[in-house]
Amino acid sequence: MAKPLDPKKIESARQFSSRAERREQRRKLMQDEIAENQRSNGVIVIPPKKLQEVQQERPKLRVAAYCRVSTQEEEQVGSFDMQVRHFTQRIEGNPDWELVEIYQDEGISATTVKKRLGFQKMIADAVDGKIDLILTKSISRFGRNIVDILDNLNILSALNPPVSVEFETEHITYTGDGKNNLLIVLLSALAEMESQQKSEAIKAGIRWRMAEGIYKFSVQNTLGFYRDHFGRLVIEPTEARIVEYIYESCLEGGTPSESAAALTEQGIKSPMGNDSWSAGTVRSILRNEKYCGDALMQKTYTKDFRTHKSVKNTDLNMYFKENHHTAIIKKEDWLKVQKLLSERHTSPHKAKLRFLSNRFVAHRVKDGLFKGYLILDSRWSPAERQEFMKIVDDTQDNTK
């Protein structure tokens, strides 16, 4: 026979069932109310009057972008164009933003900011209060020198109001409030390390090509040579004639100062495009082994990858290849010039005497009371003056 149910338990079960039903009813009523509110667009939130005025009067955010690639290679040029297009579309597509400018540095290294004119202009415009926000692809695009990166970020954050910088790749916005300082420092250090590793890899490749004799040295400021579209070294005839004149003058006894003065007087531009020549420029042309067809490589090298400053090489190997390319000056003439320059440097007095015994330089007065007279060099000895006058007399006798 079954055991009878406890009346208290039966009553408790009924109460529990009724509570569950009431909860379910309340849930259903709430869902119906929410659905009804949604159908009728719900509740309209009315912001305070002051907040509405601020939102209406708030000006657009003045946004700029910085784009940079370090080389002029074809794939880098494509990347540069994509950066410019991307930031232009992003800024113009935001109704709350106003495009200031897309600042650009194409084919410029980021290890320092000295040569990045676009970057310098951007910082100057920010200081002048023209920019509120700067967008850039990554910290490595902004710079690869940790000191320059932090210095420029500090300049921007110290402005009133501060200028923020957004790094897209890292998903970081630097505002100068200290939240991302440590992360910025770490990422800047990594960018600098990456730049140093690339610099060392490039140097290693250059030295390997030098050792193999296939390195293409720069002739940007080398008179008489240029490289064609295929990278081949080609002689420029007009400039080559200037080089020949400089060597001929030296072999005839002329000094670098005299050659420089003559070239300046004739209106010939220097290798750097200047109107006047210096004796040092002429001397460097006379010392350059490339004019006799040889190539001495790594005469200078970059000691610090940050500054890119070249120094005279006294620490690393040099690489010499004879008959590397077509010569402008005969090898025997080039060697004679080196001997003359060395003798003048070690014994200037004897060199001067030898010079005077072969060729005199005297200026003739062009006008005035002494028109037609010759001006003798006060440094000439009596014997030299006598020899000079004998040459003048012989010349006059021959012309009669």
Should the pair [X]-[Y] be classified as a salt bridge under the 4.0 Å nitrogen-to-oxygen rule?
X: Glu101; Y: Lys130; result: no
X: Asp96; Y: Lys60; result: no
X: Lys137; Y: Glu166; result: no
X: Glu212; Y: Arg209; result: no
X: Lys121; Y: Asp125; result: yes

At their closest point, which heavy atom of [X] faces which heavy atom of [Y], and how far apart are they?
X: Ser259; Y: Ser249; value: OG-CB, 3.5 Å
X: Ala262; Y: Tyr245; value: CB-OH, 3.3 Å
X: Arg141; Y: Arg68; value: NH1-O, 2.9 Å
X: Ile285; Y: Val243; value: CG2-CG1, 4.3 Å
X: Tyr66; Y: Gly118; value: CE1-C, 4.3 Å
X: Ile131; Y: Ala126; value: CD1-N, 4.0 Å

Check your understanding: Cys67 and Ile102: side chain to side chain contact (heavy atoms under 4.5 Å, CB included), yes or no, with the steps?
Key -> CA-CA 7 Å; Cys67 303; Ile102 306 294; 3.8 Å; yes
Point to revise | Min side-chain heavy-atom separation Leu133-Val163 under 4.5 Å | key: no
Point to revise | Side chains of Leu341 and Leu286 in contact at under 4.5 Å (non-hydrogen atoms) | key: yes
Are side-chain N/O atoms of [X] and [Y] paired as donor and acceptor at under 3.5 Å?
X: Ser284; Y: Thr281; answer: no
X: Ser140; Y: Ser138; answer: yes
X: His86; Y: Glu168; answer: yes
X: Arg116; Y: Tyr103; answer: no

Check your understanding: Should Lys290 and Asp294 be marked as a salt bridge (Lys or Arg N to Asp or Glu O under 4.0 Å) after you check the CA-CA gap, both sets of side-chain angles, and the distance that decides it?
Key -> CA-CA 5 Å; Lys290 294 180 180 63; Asp294 298 338; over 6 Å; no
Do any N or O atoms from the side chain of [X] and from the backbone of [Y] form a donor-acceptor pair under 3.5 angstrom?
X: Thr222; Y: Phe225; answer: no
X: Gln298; Y: Met210; answer: no
X: Trp334; Y: Asn288; answer: yes
X: Glu236; Y: Thr238; answer: yes
X: Glu258; Y: Thr255; answer: yes
X: Trp97; Y: Ala64; answer: no

With clusters defined by side-chain heavy atoms of hydrophobic residues (ILVMFWY) lying less than 4.5 Å apart, directly or transitively, does [Y] cluster with [X]?
X: Leu150; Y: Ile134; result: yes
X: Ile155; Y: Met122; result: yes
X: Leu233; Y: Tyr226; result: no
X: Leu335; Y: Val337; result: yes
X: Tyr247; Y: Ile268; result: yes

More than 12 heavy atoms of other residues, nucleotides or ligands under 6.0 Å from [atom1] of [X]: is that the case?
X: Met318; atom1: CE; result: yes
X: Gln220; atom1: CD; result: no
X: Lys299; atom1: NZ; result: yes

At what distance, to the nearest 0.5 angstrom, does [atom1] of [X] lie from [atom2] of [Y]?
X: Asp105; Y: Leu117; atom1: CG; atom2: CG; answer: 6.5 Å
X: Arg283; Y: Cys250; atom1: CZ; atom2: SG; answer: 10.0 Å
X: Gln120; Y: Ile123; atom1: CD; atom2: CD1; answer: 9.5 Å
X: Leu99; Y: Asn94; atom1: CG; atom2: CG; answer: 11.5 Å
X: Leu251; Y: Ile246; atom1: CG; atom2: CD1; answer: 12.0 Å
X: Ile139; Y: Leu186; atom1: CD1; atom2: CG; answer: 9.5 Å

Review point. What is the ring orientation for Phe142 with Phe119, classed by angle as parallel under 30°, tilted 30 to 60°, or perpendicular over 60°?
Key: perpendicular
Practice item. Go through the steps to decide whether Glu98 and Leu61 satisfy the test side chain to side chain contact (heavy atoms under 4.5 Å, CB included), and finish with yes or no. Key: CA-CA 6 Å; Glu98 177 185 352; Leu61 202 65; over 6 Å; no
Check your understanding: Under the salt bridge (Lys or Arg N to Asp or Glu O under 4.0 Å) criterion, do Lys269 and Glu239 qualify, and how do the steps go?
Key -> CA-CA 10 Å; Lys269 297 285 186 180; Glu239 294 182 355; over 6 Å; no
Exercise for review: Could you give me the CA-CA distance, side-chain angles and deciding distance for Tyr291 and His325, then say whether ring-ring contact (aromatic ring centres under 6.0 Å, His included) is met?
Suggested key: CA-CA 9 Å; Tyr291 291 114; His325 53 271; 8.8 Å; no
Practice item. Would you sort out whether Glu92 and Phe87 count as a side chain to side chain contact (heavy atoms under 4.5 Å, CB included), showing the intermediate values? Key: CA-CA 8 Å; Glu92 292 180 345; Phe87 285 120; over 6 Å; no
Review point. When you look at Asp275 and Thr264, which way does the side chain to side chain contact (heavy atoms under 4.5 Å, CB included) test go after all the steps?
Key: CA-CA 7 Å; Asp275 293 329; Thr264 301; over 6 Å; no
Check your understanding: Cationic tip of Arg207 within the cone over Tyr215's six-membered ring, i.e. under 6.0 Å and within 45° of the normal?
Key -> no
